[in-house]
Amino acid sequence: TVGAVAVDKDGQIVAGTSTGGMTNKKFGRVGDVPIIGSGTYASDVVAVSMTGWGEKIMRAVSGHTVSSYMKYKPASLEEAGDYLLQEVLNPGEAGMIAVDKYGNIYTDMNTNGMFRGSSDSEGNREVAIWD
Amino acid sequence: KEWALALHGGAGAISEDRPDSVKQAYFDDLDEALTIGEDILADGGSAEDAVEKVINYLEDNPRFNAGKGAVFTHDGEHELDAAFMVGNTREAGTVTGVKTVKNPITLARKVMETSEHVMFATEGAERYADKVGVERVDQEYFYTESRYEALQRALDQEEEGDGKQSSLIPEEDKTALYADGEKYG
């Protein structure tokens, strides 16, 4: 699975995800990626793209959970991402990238690794795989 | 911040026990994908374009499970899913089970921009692809040897096991391809 999230100079917040699914899938199985609010979601506060065990991500309504946690708790992007990955989902199930409307970036996982990268207009830049 | 961007190429049990050259190749590809998005946003381009083009690059890269390099289904095919959403307007477009669309994220964006609906599936998504004119390919385009071998191992294990479809990649696949062991998708 691959994904990207971005906020631009006009404040547009966008999320996208694309995947081949899981090896050996049957019966027209559909994972979390195309389910809005699950593996892909964007609101007026945050854009989220997930990767990992699709069924777990769907059951947690992951993308929408992050957005709602930020809006209604209220919470920061980091708090919302940690809530999803550490309190809702179980270890080994998922990775997540997100940007909020202020340009804050969140990339984390409860697996041992995630191929990822991030960058912003202030020169912060990272490419990483493991912790 | 004027702009910000993040990307991923899958998560899972990623082995660190691989040659440095292989690790570096992944880092280089992620760096290239990031640069594509950075250039668009730094030039004043839209987040929509940045997200689509970054994902297009990753879809075209056989190292990642999307587009070329997608995993195989039980029937030896490739079925691709994609989604695109703009938060400010709550517009969204998604496709699932497409088999001949080279870049599913581009079709998902077109669903969002040109359709009154949110999701198209399988044959319907293919027909919508005909209508909007995205690039098409044969199933062979998506083939990679490593993914084919991963399917054969999964089928072998299934035959030896309880017959249930597993949501996890078989244990032996963890060493089949760098970082591919439990890249669930």
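Lettering of chains follows the sequences in order, A, B, ..., and the numbering in each one begins at 1. Below, each value reflects all heavy atoms present in this structure, side chains not excepted, and no hydrogens, waters or symmetry copies.
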Select one option (side chain, backbone, both, neither) describing which atoms of B:T106 are under 4.5 Å from chain A's heavy atoms.
neither
Answer with side chain, backbone, both or neither: which region of B:V98 has an atom nearer than 4.5 Å to a non-hydrogen atom of chain A?
neither
Same apolar cluster (I L V M F W Y, side chains within < 4.5 Å links), B:I55/B:I36
yes
Compare all side-chain heavy atoms of B:F27 with those of A:I129 and state whether any distance is below 4.5 angstrom.
yes
Would you call B:E38 and A:R125 a salt bridge, using N to O less than 4.0 angstrom?
yes
If contact means a heavy atom pair closer than 4.5 Å, which residues of residues 101-109 of chain A contact chain B?
A:Y102, A:G103, A:N104, A:I105, A:T107
Check each of B:N65, B:T73, B:L155, B:V71 against A:T23 using the side-chain contact (heavy atoms from CB on, under 4.5 Å) test, and report the only one that passes.
B:V71
Which portion of A:E122 sits near chain B, non-hydrogen atoms under 4.5 angstrom
side chain
Within this structure, what is the CD-OG1 distance for the pair B:E79 and A:T19, rounded to the nearest 0.5 Å?
11.5 Å
Look at A:N110, A:I35, A:D10, A:V99 and state which one has the largest set of heavy-atom pairs under 4.5 Å with chain B.
A:V99
Does any backbone or side-chain atom of A:M50 lie under 4.5 Å from a heavy atom of chain B? Answer side chain, backbone, both or neither.
backbone
Is it true that A:K25 and B:E77 make a salt bridge, defined as a side-chain N closer than 4.0 Å to a carboxylate O?
no
Indicate the ring-plane relationship of A:F115 and B:F64, choosing parallel, tilted or perpendicular according to the 30° and 60° boundaries.
perpendicular
Need one label for B:L34: side chain, backbone, both or neither, based on atoms under 4.5 Å from any heavy atom in chain A.
both
Taking only heavy atoms into account, what residues of residues 37-49 of chain A are found under 4.5 Å from chain B?
A:T40, A:Y41, A:A42, A:S43, A:D44, A:S49
One pair to check against side-chain contact (heavy atoms from CB on, under 4.5 Å): A:I36 and B:T94. What are the steps and the verdict?
CA-CA 8 Å; A:I36 291 298; B:T94 80; 3.7 Å; yes
Most heavy-atom pairs under 4.5 Å with chain B, out of A:G113, A:S119, A:A6, A:G16, belong to A:S119
A side-chain contact here means heavy atoms from C-beta on lying under 4.5 Å apart; do B:F72 and A:N24 qualify?
no
Chain A contact via B:V86 - side chain, backbone, both or neither, heavy atoms under 4.5 Å:
both
Is it possible for you to say whether A:M58 and A:M96 belong to one hydrophobic cluster, with membership spreading through side-chain heavy-atom contacts below 4.5 Å?
no
Under 4.5 Å, counting heavy-atom pairs only, tell me which of A:S67, A:P34, A:G95 racks up the most with chain B.
A:P34
